[in-house]
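A short worksheet on the structure shown next.
Chain A is the first sequence line, chain B the second, and so forth, proteins listed ahead of strands; every chain is numbered from 1. What you see is a predicted model; the values in this text were computed from it and never measured. The figures that follow rest on heavy atoms only: side chains count, while hydrogens, waters and symmetry mates do not.
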Amino acid sequence: MFEKVKSPCDFIAAEHQVLKFWQETDAFEKLRAKNRGKEPWSFLDGPITANNPMGVHHAWGRTLKDVFQRYFAMTGHELRYQNGFDCQGLWVEVEVEKELGFTSKKDIEAYGLDRFVEKCKQRVRKFSQVQTDQSVRMGYWMDWSDSYFTMSDENNYTIWAFLKKCHDRNLIYKGTDVMPWCPRCGVGLSQMEMHEGYKFIPHRAVFIRLPLRNLGPGKQIPTGQKHYLLVWTTTSWTLTANVACAVAKDLTYLKVRGPDDAIYYFAEGCLDYQRLTEDFKSKDWPSNVPKLSTIKHIFEQQGRCEILAKLKGSELLGWEYDGPFDELPAQQKPGGLPFIDKSFAEKGATAANTHRIIHWDSVQAGEGSGIVHIAPGCGREDHQLAVEHSLPCLAPLDESGIYIEGFDWLTGRDAADHQLTTEIIENLKAKGMMVELERYPHRYPHCWRCNTELLYRLVDEWFISMSWRDEIMKVVDDVRWIPSYGRDREMDWLANMRDWMISKKRYWGLALPIFECTCGHFEVVGSRQELQDRAVDGWKEFDGNSPHRPWIDAVKIRCEKCGQTVSRIPDVGNPWLDAGIVPYSTVKYHSDRDYWSKWIPADLVLECFPGQFRNWFYALLAMSVMMEGKAPFKTLLGHALVRDEQGQEMHKSLGNSIAFEEAAEKMGVDVMRWSFCRQNPSTNLNFGYQAGNQIRNKVFNTFWNVYTFFANYARLDGFDPATAPVPIDKRQDIDRWLLSRLHDLTALANRCLADFDTFTFLRRAEVFFEDLSNWYVRRNRRRFWRPRSSDDTDKLAAYQTLYQTLTTLAKLLAPITPFVCETMYQNLVRSFDSSAPASIHHCNYPRPQDIPHDDTVCHEMDAAIAVVSRALSLREKHSLRVRQPLKELIVNSDDQRTARALSNFRDHILDELNVKTLTVTSDLAQRQKLSIKANFKTLGPKYHQDLKAISACLAQADPAAIAAGAEAGQQITLAADAGQSWTLTPEDILIEKSWPEGLAVAEPPGPMIALDIQITPELFREGLARDLVRHIQQIRKEIDLEIQDHITVTYATDSPEVSRAVAEHGQYICSETLCDNLTPGPTDDGKAITIAGQSVTLKVGRV
RNA sequence: GGGCUCGUAGCUCAGUUGGUUAGAGCGCGUCCCUGAUAAGGACGAGGUCGAUAGUUCGAGUCUAUCCGGGCCCA
């Protein structure tokens, strides 16, 4: 027997009950057991960073992952259900540093690497547990005892194997490069990480003048003259490392007499250039920063600006100048600093004596002066230019952004210190080099973790050469990308990426198995065994520890080349190595190759795509191509970002982010899941409680209310789902219609979910709920209320139809909203059939072929609904409430289908519209009253005097006949009694059509229908009776009666109309309201109501 | 500068292989219904489908160019 169901439902409380139920009944394990050995369906989970609690944005991807896993389980597949945690890397270190109150790497070293790494591991364990608990709450079925951790030994050693393969192909190298560097983290940022932290902020920018030593070798500056290069920079600290200046050959430069009557050189295009005019208008422009001046303006302010000559950039090449900080020892150090180039050193080349103008294609006129200050130790392009033009490099900063030895008064100072910038500017002023100081806002990179402004440093790091990118690009087309432009994104990245920088000078992460000897030779160790075999020292200290710093650092090997004892490089690895190796490290690649082949390539990878084309997807593809020459997944589904309700990015600092737990307990997990699944994954999701409420009202309340309606009546009626089904042809058309719709939805659900598209499915499901609730249930309520009788076949048909629909619907939606579907299933199915699967998630997914479909009935219903909708519109237009019965609905139909539909669904249409009769006709238009008139305009000129007679004659004629003739374009002959006759052309007749009084008509487009809106006194009284019923029902509700309770009603009214209505329709009123006795009488403390302007007092009592 | 992507109602978005009158939700307005009821429903206003040109019998849909937004790369 069904349990009584309450409405509305406390969905959140119900979710907790279901969680308990699953846990107590081991539901997940039973599902696994059921599917073990079946065809595999392989999902590969991208590791979630176990560094913080998960947020609602994680829940999107995890919901989709769960949905597809559940679907493929219900269609009889074996799954691995392995969740992954990303554990290693700087992001964890940063959080641990915060916990411990550290501000620099020195703090970590002082604290002790072993303790620090242990703290990192603890943090990962803690948050992996938090995320596990959260995931369980959201109904994510995974084997939570078997999650993989990227910090595992297996994961780390498998990366070693990958790196070894790379090294076997000579792809690993150590390179120096200038890279963005976070002085706080003491670490270089990869190309991948750079993108995260650009911010529009103002810096102090300077125009300086650098005195020319000559105008090219041998061309002296005329005595008495001063010639300057005008140079501009936003990072004045880099001026200390200036080596050269760059111009573009083809650009035009001006020779200008400027301040101090000196000669200045800069690009012509810069003279009047309005810098950052667009940005100045934008809302991002800092309010305290004034608009930028043009060079012309600056010069004129300082005295003069007189153009003396124009030169091509090529004419400036080779000119030599005095650098801004040539007095620094570093500037005078042969070979540069700190990476001393021997060949330069031998020639005595210093930065200071190298200063000259070089060519660079990228120089443009515009921002700045068109003469670019080049500091090869402080900029990536600068460094490349230095290589091309054989310039020494000065790299002034250490890893904390502090000036190294050799920079005199700057040494030991922090380059990012504002005070230092001020001092540098003062210094330039004192040397007479300052021209102008300004504040210049620009997009400047920041560390995406700690928000520190980045610097550019010359460093040495380890790289994997990507010379083999073609091999990776080849497998990109083996993958199905959803959305399809993902493929192009990935290809774009692969075509443009630089070599992969894999080292980081940090502590918690993959220990790069690179051993570099002082002799220059380096080796890559490919496994733990290999390391043990080659260890000459430290194995004992290491053995028993995870392959992390500091323990791994103890192990030494012997250099193959020179025999020296060699240490591992201290660097740790890029965390995308950790995640990219997962299809190998977590799927027994090394221990069980058959198992691996069974699961890889995975059928599906599903992640949030922003960023991942250059991160995880890239690492997966690259590493797998290196390992096995193929892509490790077949389909990739990417989804976009979660925004707040207004479409703003969610940020804790903005106060608009929603914690997962809060959403779960306030909105409910099923609602959350629905909102994720109904979203087109390629567009950002605006997530919030208002949207959630909408979904709960629209979808969940509707679903629940239909379920409640069914369950409570079925319970009262003793409906038994096991009763032999009423044959489909013995059911009503509307039953066949509903089942056909269910058939269609089932087909769509299978098609969509197998194709990883929840969104199309759910949009259709929402329409289905509408139809189910607002059409099927509303239309069939009376079949369920009907008292029991000897022939209950029709009632049974209704129960069975709705029962099948609800149980099928629950199963169809079980992957999407596993909680509410489970709740319904337990009551609808399990309460009767203890042999049914214990959980809905153990059921087979519904198949369309098991549900009947009748095409004709669907089309007919569409036609019937269209008529109803038009008729309701007519009622609306004429302010006729539906409770007021009307006499007749006339539908014009000249096609068979509509006619058949109207006859089949006649009762539904009449009942729905509260109309007495339905007439179908093919000539509704004929009911229009035609009137014809003479067209005096055309007749006048023809029959001057006869007009009156013609007019009289037309008034006598049969309008229909005349109009028909005129419309057919025929000539019309009129004959008067007097014997006169006229021949009229169609234009001579004016035809006017009007509908008879009392008929409301909906004209084309759309089916033409008419409603007889004349309300006779009988109809009016019937309307009154219905109003009374409605009010009595309302009172029943107010005094909390059960639906099966009987009542007595006493009423009092002065209105003879109402009294007569009661007299005529008492029977009807009583049966509708389960009233045993409806009598006039005293109604003390009764309820006063007004119906149709008449006041009535009602008193209702339970029998 | 190059690549990708988007542009449909006030807002958020659907719109299948080109095919009658371009849809939904929210908001707004006017009502209705109520034995699903702390809900629900109907109707209405609101659109040059970013612009222009082209292909076609027919373009929101295909092509080209331009304008505007976003993402990515340089």
Subject >> Sugar-phosphate, base or nothing in reach of A:R763, heavy atoms under 4.0 Å >> reply: sugar-phosphate
Original post:
With respect to the phosphate group of B:rC33, does any side-chain polar atom (N or O) of A:R1030 fall under 4.0 Å of OP1 or OP2?
Top reply: no
Original post:
Which part of the nucleic acid, if any, lies within contact of A:T1073, taking any heavy atom under 4.0 Å across all strands shown: a base, the sugar-phosphate backbone alone, or nothing?
Top reply: base
**OP:** Please measure how far the P atom in B:rG1 lies from the corresponding atom in B:rU65, and state the result in whole Å.
**Re:** 16 Å
Subject >> Student check: side-chain heavy atoms of A:V56 and A:W60 closer than 4.5 Å >> reply: no
Subject >> A:R883 side chain near B:rC32 phosphate (N/O to OP1/OP2, under 4.0 Å) >> reply: no
**OP:** Answer yes or no: is there a donor N or O on one side and an acceptor on the other, between the side chain of A:E770 and the main chain of A:N774, under 3.5 Å?
**Re:** no
Original post:
If we take the C1' atom in both B:rG44 and B:rU5, what is their distance in whole Å?
Top reply: 37 Å
Original post:
Starting at CZ of A:F609 and ending at P of B:rC6, how long is that distance when rounded to a whole Å?
Top reply: 11 Å
Subject >> Residue-phosphate contact under 4.0 Å: A:N496 side-chain N/O, B:rG3 OP1/OP2 >> reply: no
**OP:** Using the C1' atoms only, state how far B:rA24 lies from B:rG47, rounded to an integer number of Å.
**Re:** 14 Å
**OP:** Name the closest nucleotide to the A:F759 side chain, picking from B:rA14, B:rG3, B:rA39.
**Re:** B:rA14
Subject >> A:D670 and A:R696 ion-paired at < 4.0 Å >> reply: no
**OP:** Could you provide the dot-bracket string of RNA chain B, using ( ) for intrastrand pairs, [ ] for crossing pairs and | for bases paired to another strand, with Watson-Crick or G-U pairs below 3.5 Å?
**Re:** (((((((..((((.....[...)))).(((((.......))))).....(((((..]....)))))))))))).
Original post:
Are A:D755 and A:R480 within salt-bridge range, i.e. N to O under 4.0 Å?
Top reply: yes
Subject >> Closest to the A:D488 side chain, choosing from B:rC4, B:rA14, B:rC33 >> reply: B:rC4
Original post:
Considering only side-chain heavy atoms of A:Y485, which listed nucleotide, B:rU12, B:rC4, B:rA36, is closest?
Top reply: B:rC4
**OP:** Indicate the ring-plane relationship of A:Y803 and A:F2, choosing parallel, tilted or perpendicular according to the 30° and 60° boundaries.
**Re:** tilted
Original post:
Do you know which two heavy atoms are closest between A:C270 and A:G370, and how far apart they sit?
Top reply: SG-N, 3.7 Å
Original post:
Of the nucleotides B:rG40, B:rG41, B:rC73, which has the atom closest to the A:D492 side chain?
Top reply: B:rC73
Original post:
Closest to the A:R781 side chain: B:rC73, B:rG40, B:rA36?
Top reply: B:rA36
Subject >> Pairwise salt bridge (Lys or Arg N to Asp or Glu O under 4.0 Å) hits with a residue in residues 484-494 of chain A, at least two apart >> reply: A:D477-A:R487
Subject >> Side chain of A:Q694 - closest among B:rC26, B:rG40, B:rG35 >> reply: B:rC26
Original post:
Side chain of A:W493: nearest nucleotide among B:rC73, B:rG35, B:rG25?
Top reply: B:rC73
Original post:
Roughly, in whole Å, what's the span from CG in A:N680 to P in B:rG23?
Top reply: 21 Å
**OP:** Using atom NZ of A:K4 as one end and atom C1' of B:rG35 as the other, report the distance to the nearest whole Å.
**Re:** 13 Å
Subject >> A:R469 versus A:L494, closest heavy-atom pair with distance >> reply: NH1-O, 2.8 Å
**OP:** Please state the C1' separation for the pair B:rC4 and B:rU20 - nearest whole angstrom.
**Re:** 36 Å
Original post:
Quantified in whole Å, what is the P atom distance between nucleotide B:rU17 and nucleotide B:rA36?
Top reply: 41 Å
Original post:
So which nucleotide from B:rG25, B:rC4, B:rA14 ends up closest to the side chain of A:R489?
Top reply: B:rC4
**OP:** Taking atom P in both B:rA59 and B:rC66, compute the distance separating them and give it to the nearest angstrom.
**Re:** 24 Å
**OP:** Take the protein atom CG of A:L494 and the nucleotide atom P of B:rC72, then report the distance between them rounded to whole Å.
**Re:** 17 Å
**OP:** Select one nucleotide: of B:rA14, B:rA39, B:rC4, the one nearest the side-chain heavy atoms of A:N701.
**Re:** B:rA39
Original post:
Contact class for A:E770 (heavy atom, under 4.0 Å): base, sugar-phosphate, or nothing?
Top reply: sugar-phosphate
